[in-house]
Amino acid sequence: MSLARVHNFSISLDGYGTGEGLSRDEPFGHAGERLHEWMFATRFWHDMVGRPGGSAGLDDAFARRFTPGIGAEIMGAGKFGYPGWHKDPEWKGWWGPNPPFHTPTFVLTHHTRPSIEMEGGTTFHFLDTSPAEALEKAREAADGQDVRIGGGPGVVRDFLAARLIDHMHVVVAPILLGRGVRLWDGLEDLEKDYEIEAVSSPSGVTHVTFTRAGV
């Protein structure tokens with residue numbers, strides 16, 4: 001069976017995966033871009049946005065694991081759009097006409113709408129269902145490849161609580177947010193299910209990988 005994977009998911013030292021006060025102008029609220037500065041500096045990111053340069057070290061090596069072997073993505077409503085996006089029938093996500101997913105992408109939301117086919121192979125499908133049922137649909141669409149659980153923190157937490165994540169890459173950024181949405185709440189003893197490795201980067205972040213025993 002294909003794996004459910006999380007990649008490049010950044011949290012603060014106090015465990016927040018996004019800040020408070022999310023809006024159309026501030027997708028991560030008061031956190032701004034601070035959680036993801038490590039990734040924006042990599043060659044992986046520069047290649048993705050069509051810019052030259054970028055670092056080619058440890059952060060880049062981890063960031064590049066985002067794509068290989070992925071056949072579908074699942075994300076939450078908060079990753080797809082700003083609070084209230086469902087009231088705008090023209091909203092098609094943050095990423096312009098050619099989103100970076102290039103696979104079937106399933107958005108978990110209580111406000112479903114018809115699927116949206118984008119450039120580059122991304123088609124957004126909108127589901128109001130449980131994590132297990134969403135993963136089943138995504139695996140069908142992935143055609144034998146793995147499924148990426150893309151966030152935000154509430155969605156990743158729900159999939160972890162349901163014991164559905166096989167591999168997870170969390171990046172701990174050296175900042176304190178103090179408020180927002182935390183990743184780890186309610187997941188006591190989660191570490192018992194995984195083999196865990198941590199690697200510190202010269203950029204100041206720590207890459208922590210969780211791999212389910214036997215995977």
Side-chain angles (χ1 to χ4, degrees), residues 3-42 44-45 57-66 73-83 94 107-109 130-132 134-135 147-213 215:
L3 303 180
R5 294 159 41 188
V6 175
H7 288 280
N8 300 346
F9 193 84
S10 299
I11 64 172
S12 63
L13 288 172
D14 47 349
Y16 290 94
T18 192
E20 190 175 77
L22 278 62
S23 69
R24 191 164 186 163
D25 294 329
E26 296 289 349
F28 291 93
H30 83 289
E33 296 184 343
R34 289 180 292 160
L35 286 169
H36 306 97
E37 288 175 349
W38 71 272
M39 185 171 61
F40 297 150
T42 64
F44 162 80
W45 183 263
L58 181 66
D59 292 342
D60 185 65
F62 271 103
R64 289 186 180 277
R65 297 179 183 180
F66 177 82
E73 166 142 347
I74 298 172
M75 68 174 64
K79 179 175 179 178
F80 181 74
Y82 60 96
W94 302 103
V107 181
L108 297 181
T109 174
S130 68
L135 183 57
V147 175
R148 185 172 52 237
I149 311 302
V155 167
V156 174
R157 186 173 62 241
D158 288 347
F159 275 80
L160 287 168
R163 299 299 191 260
L164 295 174
I165 302 295
D166 299 298
H167 175 83
M168 180 169 63
H169 166 226
V170 172
V171 186
V172 183
I175 64 173
L176 293 169
L177 291 180
R179 50 198 168 97
V181 182
R182 286 172 48 85
L183 175 62
W184 303 120
D185 290 353
L187 297 176
E188 293 85 354
D189 296 330
L190 176 76
E191 71 279 0
K192 294 180 179 178
D193 294 341
Y194 295 93
E195 298 174 359
I196 302 174
E197 296 182 0
V199 182
S200 297
S201 167
S203 67
V205 304
T206 301
H207 297 274
V208 187
T209 56
F210 299 71
T211 304
R212 188 180 301 279
V215 169

A.B. asks: Kindly write out the residues that satisfy side chain to side chain contact (heavy atoms under 4.5 Å, CB included) with A41, not counting sequence neighbours, or none if the list is empty.
C.D. replies: none

A.B. asks: Run the side chain to side chain contact (heavy atoms under 4.5 Å, CB included) check on L183 and F9 step by step: do they pass?
C.D. replies: CA-CA 10 Å; L183 175 62; F9 193 84; 4.2 Å; yes

A.B. asks: Is R65 reaching over with its side chain to a backbone N or O of H7, donor-acceptor style, under 3.5 angstrom?
C.D. replies: no

A.B. asks: Roughly how far apart are L135 CG and I149 CD1, rounded to 0.5 Å?
C.D. replies: 5.5 Å

A.B. asks: Find out whether V156 and M168 are in side-chain contact, i.e. whether some heavy atom of one side chain is under 4.5 Å from a heavy atom of the other.
C.D. replies: yes

A.B. asks: Where do G154 and V181 come nearest, in terms of heavy atoms and distance?
C.D. replies: N-CG1, 4.2 Å

A.B. asks: Report the residues that fulfil salt bridge (charged side-chain N to carboxylate O under 4.0 Å, His left out) with D14, sequence neighbours left out, ordered by chain and then residue number.
C.D. replies: none

A.B. asks: Sequence neighbours excluded, which residues qualify as salt bridge (charged side-chain N to carboxylate O under 4.0 Å, His left out) partners of R157?
C.D. replies: none

A.B. asks: Looking at residues at least two apart in the chain, or sitting in another chain, which of them share a side chain to side chain donor-acceptor pair (under 3.5 Å) with D158?
C.D. replies: none

A.B. asks: Would F159 and V147 satisfy side chain to side chain contact (heavy atoms under 4.5 Å, CB included), going step by step from the backbone distance to the final call?
C.D. replies: CA-CA 12 Å; F159 275 80; V147 175; over 6 Å; no

A.B. asks: Taking only residues two or more places apart in sequence or in another chain, which ones pass side chain to side chain contact (heavy atoms under 4.5 Å, CB included) with S200?
C.D. replies: T206

A.B. asks: What's the shortest heavy-atom distance between R182 and Y16, and which atoms?
C.D. replies: CG-CE2, 3.1 Å

A.B. asks: CG of N8 to CH2 of W45: how many Å apart, nearest 0.5 Å?
C.D. replies: 9.5 Å

A.B. asks: Going by atom types alone, do S10 and W38 pair a side-chain donor with an acceptor below 3.5 Å?
C.D. replies: yes

A.B. asks: Could you pull out the closest heavy-atom pair between A31 and G19, with the gap in Å?
C.D. replies: CB-N, 3.8 Å

A.B. asks: Using only atom types and a distance under 3.5 Å, with no angle test, would you say the side chain of Y82 pairs donor to acceptor with the backbone of D25?
C.D. replies: no

A.B. asks: For residues 188-197, tabulate all N or O donor-acceptor pairs below 3.5 Å that involve a side-chain atom, not counting sequence neighbours.
C.D. replies:
residue : atom : partner : partner atom : Å
D193    : OD2  : R163    : NE           : 2.7
Y194    : OH   : I165    : O            : 2.7
Y194    : OH   : R212    : NH2          : 3.2

A.B. asks: Going by the rule side chain to side chain donor-acceptor pair (under 3.5 Å), which residues pair with T209 if we only count those two or more places apart in sequence or in a different chain?
C.D. replies: none

A.B. asks: A61: what forms a side chain to side chain contact (heavy atoms under 4.5 Å, CB included) with it, not counting sequence neighbours?
C.D. replies: none

A.B. asks: Using every non-hydrogen atom in the two residues, find where A77 and V107 come nearest and quote the distance to one decimal.
C.D. replies: CA-CG1, 4.1 Å

A.B. asks: Can you list everything that forms a ring pair (Phe, Tyr, Trp, His ring centres under 6.0 Å) with F28? Sequence neighbours excluded, please.
C.D. replies: H36

A.B. asks: Identify, with sequence neighbours excluded, every residue that meets ring pair (Phe, Tyr, Trp, His ring centres under 6.0 Å) alongside H169.
C.D. replies: F62, H207

A.B. asks: Go through the structure and list residues passing salt bridge (charged side-chain N to carboxylate O under 4.0 Å, His left out) with E20, not counting sequence neighbours.
C.D. replies: R179

A.B. asks: List the residues meeting side chain to side chain contact (heavy atoms under 4.5 Å, CB included) with I175, not counting sequence neighbours, and say none if there are none.
C.D. replies: S12, R34, L35, A173, L177

A.B. asks: When you check the side-chain N and O atoms of S201 and D59, is any donor under 3.5 Å from an acceptor?
C.D. replies: yes

A.B. asks: Using atom types as modelled and distance alone, determine if a side-chain donor or acceptor of D60 lies under 3.5 Å from a backbone N or O of T42.
C.D. replies: no

A.B. asks: Just how far is it from atom OG1 of T18 to atom CD of E26, taken to the nearest 0.5 Å?
C.D. replies: 10.5 Å

